[in-house]
Amino acid sequence: MSATRRMLLICGLALACGDSTAPARAPRTFRMGFSAIPPRPDQTVTLQSLNLWTSGHADAAIMHISVPYAALFSGLTPAQEVRGNELGLANYYRAKGLKLVITVDVTNGLDRAREDPVLDSLGRSITDPVIQRSYIDYVLALDSILHPDYLGLAAETNLIRLAAPDSVYQAVVAMTNAAATRLQQLGVATPLYVSVQVETAWGRFQGGGYAGIAQDLADFPFIDCLGLSSYPYLGGFADPESVPPDYYARLRTESARPVLVVEGGWTSTSLGSLASSPAEQARYLKSQARLLDSARAIAVFQLTFTDLDLSALNLPPGSGLPLFAHLGVVDSALRAKPALAAWDEVFARPFAP
């Protein structure tokens, strides 16, 4: 053997040994992604943000949408509305090879004591059977046209039950069950869910200990999996490390169903008495990965990839949106925060459901 060939063999063996001893990344059971919410209402920035997070930071996308009552009341059919609005974004995600999850929100996402803002402005309510039929028809159109991989029929049901009038909660129960029945009658195989608010399930807003989700499981028996909404910093946790290690797993055990985090995060700025920072937000994302692993979650989503530019938004007095304005892994100018590296570290793990 020549000296050159001998040297190549030695180098090859050294490289092989180095590869075999390199630490392997533990696989993740959960897909990861964001929604299309932009930092401000600017089409150019919206497209820049979308292109950024769909190119190497996600393998799934979520659409968290309210029923477009104004469009439906104007005479558009649900199918016309979906084809004219949601279909374009869904096609964009599909072209990027992303799995698609949809949550339909039936009340006010920033104030669960109130109904949908459009309905409120019109003096209407989901307690009206006509409104419930509009919701059901819209859900059917979403499923038949967009073909989501998972479909959520309501958001934060336990918090609605806690904060809203009972008539509103009972309407949520009635309309979601009716929609699920229609989907089943049509032979639809899309896995269905509602989401529960994790801090509420743990009794963080009510005081006391773990409250559980037994009522939700009884009221929404059609669910194939359970959506989780979790903002621990709003539930009184001072730092990520104080969140219980079974924070998600206990809900999976109680529900006996797969769980997916459909919204959540940790702020990167201090809010009132809550002290936080970009570094603390990054620590949360690393801690959250352990919560997801413990529960063998099937997905995790943040609704905002970017921080929100509150100065560009015309917020009404008392809006709750500032509480959620700094959850992005990039800032409102699309500059990376420490959270992006933490997110990408988890995303780099091989996906193995």
Side-chain angles (χ1 to χ4, degrees), residues 25 27-39 45-65 86-105 109 142 146-152 155 190-193 195 198 225-231 248 258-266 268 281-282 284-293 295-308 324 326-331 334 336-337 339-353:
R25 288 192 178 98
R28 55 180 168 91
T29 60
F30 47 91
R31 294 191 179 274
M32 303 174 66
F34 303 91
S35 82
I37 296 174
V45 175
T46 299
L47 293 175
Q48 289 173 339
S49 173
L50 268 173
N51 184 63
L52 183 57
W53 70 257
T54 58
S55 301
H57 301 290
D59 53 13
I62 193 164
M63 298 171 69
H64 188 111
I65 50 184
E86 290 83 5
L87 181 58
L89 181 58
N91 285 342
Y92 175 89
Y93 290 144
R94 297 295 192 197
K96 291 277 191 172
L98 305 179
K99 296 293 185 181
L100 176 61
V101 176
I102 297 176
T103 300
V104 182
D105 203 336
L142 284 175
L146 304 188
H147 306 292
D149 295 283
Y150 294 88
L151 178 59
T190 308
L192 303 178
Y193 67 88
S195 75
V198 178
C225 46
L226 181 69
L228 304 181
S229 165
S230 180
Y231 302 90
Y248 299 159
V259 297
L260 62 163
V261 176
V262 293
E263 61 174 296
W266 191 283
S268 62
Q281 181 193 30
Y284 171 73
L285 290 178
K286 293 180 180 181
S287 296
Q288 185 187 37
R290 293 189 286 272
L291 304 180
L292 295 162
D293 288 337
R296 291 193 59 81
I298 58 176
V300 59
F301 296 98
Q302 290 201 176
L303 294 184
T304 49
F305 172 70
T306 79
D307 286 349
L308 302 180
F324 305 94
H326 295 89
L327 298 176
V329 295
V330 301
D331 66 18
L334 308 186
K337 297 159 62 178
L340 181 60
W343 176 274
D344 285 347
E345 182 180 332
V346 179
F347 184 67
R349 293 166 50 185
F351 175 65

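What you see below is based on every heavy atom in this structure, not just the backbone, and it leaves out hydrogens, waters and symmetry mates. Quick note: residue numbers are just sequence positions, from 1. This structure is a prediction, so every number in the text was calculated from the model and none was measured.
Considering only residues two or more places apart in sequence or on other chains, Thr54 meets the side-chain contact (heavy atoms from CB on, under 4.5 Å) condition with Tyr92, Tyr93, Lys96, Leu98. The ring-ring contact (aromatic ring centres under 6.0 Å, His included) search around Phe34 returns Trp53, Phe305, Trp343, not counting sequence neighbours. Considering only residues two or more places apart in sequence or on other chains, Arg94 meets the salt bridge (charged side-chain N to carboxylate O under 4.0 Å, His left out) condition with Asp149. In terms of the ring-ring contact (aromatic ring centres under 6.0 Å, His included) criterion, residue partners of Tyr231 (sequence neighbours excluded) are, by chain and number, Phe324. The ring-ring contact (aromatic ring centres under 6.0 Å, His included) search around Tyr284 returns Trp266, not counting sequence neighbours.
Using a 4.5 Å heavy-atom cutoff, the side chains of Leu142 and Pro148 are not in contact. Counting heavy atoms from C-beta outward, Ile102 and Ile65 have side chains that approach closer than 4.5 Å. Asn51 has its side chain out of reach of Gln48: every pair of non-hydrogen atoms, C-beta onward, lies at least 4.5 Å apart. The shortest distance between side-chain heavy atoms of Ile62 and Glu263 does not fall below 4.5 Å.
Contact record, Phe30 with Val300: CD1-CG1, 3.8 Å, taken as the closest heavy-atom pair. For the pair Leu285 and Ala342, the tightest heavy-atom approach, listed with the atom from each and the gap, is CB-CB, 4.1 Å. The two atoms that bring Ala348 and Arg25 nearest to each other are O-CD, 3.6 Å, heavy atoms only. In terms of heavy-atom proximity, Val259 sits nearest to Ala295 at CG2-CB, 4.0 Å. Here the shortest heavy-atom pairing between Leu292 and Val261 reads CD2-CG2, 3.8 Å. Looking at every heavy atom in both residues, Pro27 comes nearest to Ala352 through CB-CB, 3.7 Å.
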Next item on the list: Decide side chain to side chain contact (heavy atoms under 4.5 Å, CB included) for Val45 and Thr306; before the verdict, give the C-alpha distance in whole Å, the side-chain angles of both, and the deciding distance to 0.1 Å.
Entry: CA-CA 11 Å; Val45 175; Thr306 79; over 6 Å; no
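With a 6.0 Å radius and a threshold of 12 heavy atoms from other residues, nucleotides or ligands, Arg349 has its CZ atom above the threshold.
Proximity of a side-chain donor or acceptor of Ser195 to a complementary backbone N or O of Gly227 within less than 3.5 Å is not detected. A distance-only check finds a donor-acceptor pair linking the side chain of Thr29 to the backbone of Ala297 [under 3.5 Å]. Of the possible donor and acceptor atoms, one in the side chain of Gln281 sits under 3.5 Å from a partner among the backbone N and O of Leu327.
In this structure, Met32 CE and Phe351 CZ are separated by 11.5 Å, a value rounded to the nearest 0.5 Å. Atom CG of Asp307 sits about 5.0 Å away from atom OG of Ser268, to the nearest 0.5 Å. We find the NZ-CG distance between Lys337 and Asp331 to be 7.0 Å, quoted to the nearest 0.5 Å. Note that CE of Met63 is 4.5 Å distant from CG of Leu89, once rounded to the nearest 0.5 Å.
The stretch residues 49-63 participates, sequence neighbours left out, in these salt bridge (charged side-chain N to carboxylate O under 4.0 Å, His left out) pairs: Arg28-Asp59, Arg31-Asp59.
Under the side-chain contact (heavy atoms from CB on, under 4.5 Å) rule, Leu151 has a single partner from Thr190, Val101, Thr103, Leu100, which is Thr190.
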